[in-house]
Asker: 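Here it is: the structure, laid out below.
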Amino acid sequence: MSKSPNLLIPAISGTVLIFGLAYGISSREYGAVTIETLESRVAQVETQAARSSASAQEGAAEVARLQSELENLLQTATTRSNLTAPAPVIEDTYRLGRVALAEELAAWDVDVLPDGRGLPEGRGDVLTGEEVYVDKCASCHGDFAEGVGNWPVLAGGFDTLANEDPVKTVGSYWPHLSTAWDYINRSMPFGEAGTLTPDETYAIVAYLMYSNDMVDDDFELSHENFTEVEMYNSDGFVVDDRPELEYAQWRTEPCMTNCKTTVEITTRAAFVDVTPDGGGASVMNDAAVGDSPVFAASADATDDSAADSGASAVDPVLIAAGEGAFRQCKTCHEVGEGASNRTGPALNGMIGRTIGSVDGFRYSNVFQEASAAGTLWTEESMAAFLADPRGTMAGTKMAFRGVSDEADIAALIAYIQSFDE
Amino acid sequence: MDEFFKPSRRSFLSGTAAIAAGSVAGAASAQQADPLITQLQDWASYAGAGVDETPYGLPIRFENDVIRRNVAWLTASPISSINFTPIHALDGTITPQGCAFERHHSGAIELSKDDYRLMINGLVDKPLVFSYSDLERLPRENHVYFCECAANTGMEWAGAQLNGAQFTHGMIHNMEYTGVPLRTLLREAGLDAAGDLADKWVFVEGADASSNGRSIPMEKALDDVLVAFKANGEALRMEHGYPVRLVVPGWEGNMWVKWLRRIEVTDMAVGSREETSKYTDVYEDGVARKWTWVMDAKSVITSPSPQMPITHGAGPLVISGLAWSGHGQITRVDVSKDGGITWETARLGKQGDTKALTRFYLDTDWTGDPMLLQSRAIDETGYVQPTKDQLREVRGENAVYHNNCIQTWFVNEEGIAENVEVS
C-alpha cells in the first residue's frame with residue numbers, strides 16, 4: 001500500500017480510509033499534514049454543497065456525513081499514531097498452495113449432503129446390517145440401538161420431543177438420513193473411524209432404520225433408493241428465531257432499583273450434590289443446607305425469620321425424589337391430603353410448627369419437652385433428626401434407624417415441606 | 001437434645017462470625033511481632049532455583065489446584081468429553097492455554113506441522129492444498145476472542161446443579177490468536193466458481209478421528225473467521241488443535257474446528273451430525289431451532305463464588321467477574337447483591353475487545369450479611385442478559401445449549417458461597 005496522501009484522499013469511503021489513513025500516518029508531523037489536507041477537503045465539500053442549490057438538501061446531508069466522517073478521521077489522526085491495519089487484500093493472489101489432485105480430493109472430500117450428493121455406489125440390507133452393527137457398534141450403542149451407559153441412544157423416542165426429557169434418536173429427531181450415513185462413514189466406529197466399506201455403512205444405516213421401525217427386515221438401502229427415504233422429523237426444525245423471539249424484547253434499558261419486592265431461593269446446588277471434588281481451598285461441597293434468607297426490597301439486608309418458617313420453595317425434581325424416599329416412612333406416617341395420625345403423627349405442615357404439637361398424638365417425653373420449650377421444626381433440625389433419630393431425640397418412640405444418604409434427607413424434607421397444614 | 005434443637009442457633013452462628021472478625025481485627029493491630037518478618041527465612045538465605053530448572057515453566061506448586069476439571073457423569077468417556085476452565089481462580093481476561101477447557105469428540109491427536117495439510121475444495125476455481133509453512137507466508141492478524149461451548153451452563157436449565165463457577169461457566173476460554181483470515185485462503189482458491197455468494201457455505205472439517213464438521217455461511221467466512229496457528233503468542237496446544245484450528249468469533253465453540261484439514265465451499269449446509277443431532281435447541285413444543293450459532297451476552301461473578309468463598313470477614317471486598325457477547329463489545333455490567341432487587345453498575349477492567357471476555361469489578365464494603373450475588377451483562381446492541389425465567393418462558397426447559405441466564409450465588413454470613421436459583 002502506498003504511503004502517499006494523494007492516493008488516499010480520493011478513497012473517502014469509511015473504514016477503508018480510516019485503516020488506510022492509519023496505515024499511512026507514521027508520525028505526528030505526518031498527521032498534521034494530513035489534517036491540513038483533510039481540512040481543505042472539508043472546505044471543498046462545503047463550497048461545492050453551497051453552489052448546488054438544486055440539490056441543496058441532499059448536498060447538505062452529504063456534507064454533514066462527510067464532515068462527521070472527516071472529524072472522526074481527524075480525531076484518529078491527532079489522538080493516535082496508530083499503525084494497526086487488517087491483513088491487506090490484494091487484487092491478485094499470493095500464489096501459495098498447490099492444486100489438489102483428484103485422488104486426494106476423493107480421499108478427503110467424502111461428506112454427504114442432505115440431497116444425497118456425495119454418496120458412493122453401494123448397498124446393504126437390514127440383516128447384514130445387524131451383523132455388522134452387533135460386531136462394530138453394539139458395545140456402546142446396545143444390541144437394539146438403545147445405548148449403553150451414557151452412549152447415545154439411536155432408536156425410538158418417537159413423540160417425546162415435547163416432553164421434559166426429549167429422546168433424540170436417529171429415528172425421532174434427525175432430519176436427514178444423509179447425516180447418519182455421513183457420520184457413520186466418517187467418524188464411526190469410535191476408535192476405528194474410516195474403516196467401514198460403503199456397503200457396510202449402507203447396511204448399518206439400513207439396520208438403524210429397521211430399529212426405528214422405518215422399514216421391514218427385508219429392506220435394502222442403496223445409493224439408488226437413498227433419497228426416497230422420508231425422515232420422521234424432517235419438518236421439525238426452524239432456523240434460529242432468537243432475533244424475533246428474544247432480541248426484540250431484551251434490548252431495553254433494564255431496571256436498577258426496586259426491581260422485585262422479595263427474592264427467595266428456589267433451588268440449591270447443595271441439595272443436588274452432583275459437583276465433583278476440587279477447587280483447592282474450596283468448601284463448595286460443604287455448603288450448609290441450612291438457612292435460606294428471603295431478600296426484600298424494603299429492607300437493605302435480609303429477613304432471616306422467613307427461613308426458619310421454611311418459606312423457601314423447592315425443586316420439583318427434589319420433591320419427586322422425596323416421594324420415592326418416603327416409601328420407607330409410609331408404614332408409620334401419612335402426609336398429604338387427608339393425612340391422619342397412625343403409628344406416627346401426620347406430617348403435613350411440619351417445617352415451621354412446634355415440635356410435638358400434632359393434636360391427638362401421644363408423644364414421648366423428649367418430644368413433650370421440646371414442645372413445652374416452643375422449639376420449632378426447621379430444615380436443619382429435621383435433617384439432624386432424620387439422620388439419627390435416637391441420637392438427636394433420645395427416648396423417641398420412633399423405631400427407625402435413620403436415613404444415611406444426605407441427598408435422601410434433603411429430598412424427604414422437600415417432599416414433606418411440599419404439603420401445607 | 002443436640003445443638004440443632006436449641007432455639008439460639010442464630011446467635012451461635014453470629015458468635016462464630018464475631019470471633020472470626022475479631023481475629024481479623026487482631027491481625028490489623030498486631031501485638032506480637034510477625035516471625036515471617038523478624039526471623040530469617042530460608043528463602044531469604046539459601047540460593048533459589050537456577051535458570052534452566054524448568055526450561056518451560058509451570059505455575060508454582062502453590063497454585064496446583066488451578067487446573068481444568070471434568071464432571072465425569074456428564075459424558076460416557078473422557079475421549080469424547082469436556083472439561084472446565086478454572087475461571088474462579090483467574091483474573092484479567094486472557095486464559096492461559098494450559099488451563100483452557102478442552103472438548104474432544106475422539107480425543108486430542110498429535111499432528112505435526114510437517115504432516116499438516118489443509119485442503120480447500122468444492123465450488124472454488126482451483127482446489128488447493130496448503131502446507132503449514134504456506135500458511136505462515138500469508139498476511140496474518142492478531143485478535144483476542146472468547147471461545148464458549150454452546151453447552152456452557154447447560155446443566156443449569158433444571159435448577160441450580162453444579163457448585164462452582166468453573167463447572168457452571170467454565171466451558172469458555174479467551175485467547176489472543178494469530179492467524180490468516182479465512183477470506184484470504186478462499187481468495188487463493190478463487191470464488192468465481194461459486195457464483196452468487198449470498199447462499200453459499202463453507203464446510204469445515206477436522207483431521208482427527210471424529211472429523212468434526214460444521215457448515216458456516218459464506219458471509220461469516222468472509223467476515224472475521226481466522227485460520228489460527230498461535231494462541232497467546234505460542235503454538236496452539238495439542239488439546240486446542242495444534243498446529244491449526246479455526247477461530248469463529250462470537251459463535252459456538254463446536255464450530256471452531258481443531259486440527260483443521262479441509263474447507264469445502266458448498267451450496268447448502270451439510271447437515272452434519274454436529275449441526276442436526278447436536279447443537280440444536282428443542283423448545284417446549286418439540287420444534288427444534290437449528291443454526292443457532294451466536295453466543296448471546298452473558299456474565300458470571302467468578303469471586304466470590306462457591307470455589308472462592310470470602311475468607312476475610314466483613315470489610316473491603318472485591319466482587320469480580322467476566323462478561324462477554326458474541327454480538328460485539330460488552331458496554332456495561334450491573335451487579336446485584338440482593339438477588340436482583342437493586343443493581344449497581346460495575347467497573348470494567350478495561351474496555352473489552354469485540355467478542356472477547358471483559359473483566360468487571362465491583363469494589364464494595366461487605367457488611368457480613370448474606371448476599372444473593374448476580375451479574376447482568378449488556379452488549380453494544382443493547383441486549384440485556386436475561387434471567388433463567390425469561391429464557392424458560394421463550395424456550396421451555398428442554399433446551400441443552402445457549403443458556404446465558406443470570407447466575408446467582410448465595411453467600412452466607414460466613415462467606416461461603418453456593419449455587420442457587422432464586423424467585
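Residue numbers begin at 1 in each chain, while the letters A, B, ... track the order of the sequences.
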Asker: Which bit of B:Ala297 is near chain A, if near means a heavy-atom gap under 4.5 Å: side chain, backbone, both or neither?
Answerer: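 It is neither, since no heavy atom gets under 4.5 Å.
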Asker: Can you tell whether the side chains of A:Arg117 and B:Asp267 come within less than 4.0 Å, N to carboxylate O?
Answerer: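 Judged by the 4.0 Å cut-off on N to carboxylate O distance, A:Arg117 and B:Asp267 do form a salt bridge.
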Asker: Would you call A:Arg186 and B:Glu205 a salt bridge, using N to O less than 4.0 angstrom?
Answerer: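 Yes, A:Arg186 and B:Glu205 are salt-bridged.
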Asker: With a 4.5 Å heavy-atom cut-off, do B:Val420 and A:Thr267 have their side chains touching?
Answerer: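 Side-chain contact under 4.5 Å: no.
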Asker: Say whether, by atom type as modelled, one donor and one acceptor occur between the side chain of B:Glu141 and the main chain of A:Ala87 under 3.5 angstrom.
Answerer: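 Yes.
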Asker: Quick check: closest heavy atoms across B:Leu128 and A:Gly97, and the distance to 0.1 Å?
Answerer: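 Minimum heavy-atom separation between B:Leu128 and A:Gly97: CD2-C, 4.4 Å.
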Asker: Sort A:Asn163 into side chain, backbone, both or neither according to what part of it lies under 4.5 angstrom from a heavy atom of chain B.
Answerer: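 For A:Asn163, the backbone is the part near chain B, not the side chain.
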Asker: Picking from B:Glu156, B:Arg376, B:Glu274, B:Glu284, which has the most non-hydrogen pairs under 4.5 angstrom with chain A?
Answerer: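 Looking at each option in turn, the highest pair count goes to B:Arg376.
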Asker: Which of the residues B:Arg261, B:Gln390, B:Gln161 is involved in the greatest number of heavy-atom pairs with chain A at under 4.5 angstrom?
Answerer: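 Top option by heavy-atom pairs under 4.5 Å: B:Arg261.
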Asker: Do A:Arg251 and B:Thr381 pair up side chain to side chain, a donor and an acceptor below 3.5 Å, judged on atom types alone?
Answerer: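 Yes, a side-chain donor-acceptor pair sits under 3.5 Å.
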Asker: What part of B:Ala269 lies closer than 4.5 angstrom to a heavy atom of chain A: side chain, backbone, both or neither?
Answerer: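 Backbone of B:Ala269 only, per the 4.5 Å heavy-atom cut-off to chain A.
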Asker: Using a strict cut-off of less than 4.0 Å between a Lys/Arg side-chain nitrogen and an Asp/Glu carboxylate oxygen, indicate whether A:Glu104 and B:Arg117 qualify as a salt bridge.
Answerer: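 Here A:Glu104 does not pair with B:Arg117 in a salt bridge, since their nearest N and O are not under 4.0 Å apart.
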Asker: Enter the distance from B:Ser81:OG to A:Asn150:CG here, rounded to the nearest 0.5 Å.
Answerer: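 Spacing of OG (B:Ser81) from CG (A:Asn150) equals 9.5 Å.
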Asker: Pick whichever of B:Lys126, B:Arg187, B:Arg137, B:Glu344 has the most heavy-atom pairs under 4.5 Å with chain A.
Answerer: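 With the most close heavy-atom pairs to chain A, the winner is B:Arg187.
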Asker: B:Gly286, B:Gly382, B:Ala288: which one forms the most heavy-atom pairs within less than 4.5 Å of chain A?
Answerer: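 Going by pairs under 4.5 Å, I would pick B:Ala288.
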Asker: Measuring from atom CD1 of B:Ile79 to atom CZ of A:Phe190, what distance do you get when rounded to the nearest 0.5 angstrom?
Answerer: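 Taking CD1 in B:Ile79 and CZ in A:Phe190, the distance rounds to 6.0 Å.
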Asker: Tell me, for A:Thr160 versus chain B, whether the close heavy atoms (under 4.5 Å) come from the side chain, the backbone, both or neither.
Answerer: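 Neither the backbone nor the side chain of A:Thr160 comes within 4.5 Å of chain B.
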Asker: Is a side-chain N or O of A:Thr266 found less than 3.5 angstrom from the main chain of B:Glu421, in a donor-acceptor match?
Answerer: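 Checked: pair present.
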Asker: So, taking the atom named CD1 in B:Ile341 and the one named CE in A:Met256, what distance separates them when rounded to the nearest 0.5 Å?
Answerer: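 B:Ile341 CD1 to A:Met256 CE: 14.0 Å, rounded to 0.5 Å.
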Asker: Select, from B:Arg140, B:His327, B:Glu275, B:Glu393, the one with the greatest count of heavy-atom pairs under 4.5 Å involving chain A.
Answerer: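 The answer is B:His327.
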Asker: I need the B:Phe130 CZ to A:Arg98 CZ distance, nearest 0.5 Å.
Answerer: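 It is 11.0 Å, given to the nearest 0.5 Å.
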Asker: Does a donor on one side chain sit under 3.5 Å from an acceptor on the other, for B:Ser277 and A:Trp174?
Answerer: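 The answer is yes; a qualifying pair exists.
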Asker: In terms of heavy-atom proximity below 4.5 Å to chain B, should A:Val148 be classed as side chain, backbone, both, or neither?
Answerer: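 Neither part.
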Asker: Salt bridge check: are A:Asp111 and B:Arg262 linked by an N-O gap of less than 4.0 Å?
Answerer: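 Looking at B:Arg262 together with A:Asp111, the answer is yes, because their closest N to O distance falls below 4.0 Å.
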Asker: Salt-bridged, B:Arg332 to A:Glu253, with N to O below 4.0 Å?
Answerer: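 Result for this pair is yes, salt bridge flagged.
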Asker: With no hydrogens and no angle check, do the side chains of A:Thr179 and B:Arg273 hold a donor and an acceptor under 3.5 Å apart?
Answerer: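 Distance-only check fails for A:Thr179 and B:Arg273.
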Asker: Between A:Asp241 and B:Arg289, does at least one N-O distance fall below 4.0 Å, as a salt bridge requires?
Answerer: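 B:Arg289 and A:Asp241: salt-bridged.
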Asker: Between A:Asp165 and B:Glu397, is there a side-chain heavy-atom distance shorter than 4.5 Å?
Answerer: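 Sidechains of A:Asp165 and B:Glu397: no contact.
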Asker: Between B:Trp343 and A:Thr257 (side chain of the first, backbone of the second, donor and acceptor by atom type, cut-off under 3.5 Å), is there such a pair?
Answerer: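 No, B:Trp343 side chain to A:Thr257 backbone: no donor-acceptor pair under 3.5 Å.
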Asker: So which residue, B:Asp285, B:Ile120, B:Asn70, B:Val294, ends up with the most heavy-atom pairs under 4.5 Å with chain A?
Answerer: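 Of the options given, most contacts go to B:Val294.
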Asker: Quick one: do B:Asp296 and A:Tyr247 satisfy side-chain contact (heavy atoms from CB on, under 4.5 Å)? Show the steps, please.
Answerer: CA-CA 9 Å; B:Asp296 291 330; A:Tyr247 302 163; 2.5 Å; yes
Asker: Establish, from distance only, whether the side-chain atoms of A:Tyr94 and B:Thr184 form a donor-acceptor pair under 3.5 Å.
Answerer: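 Short answer, no.
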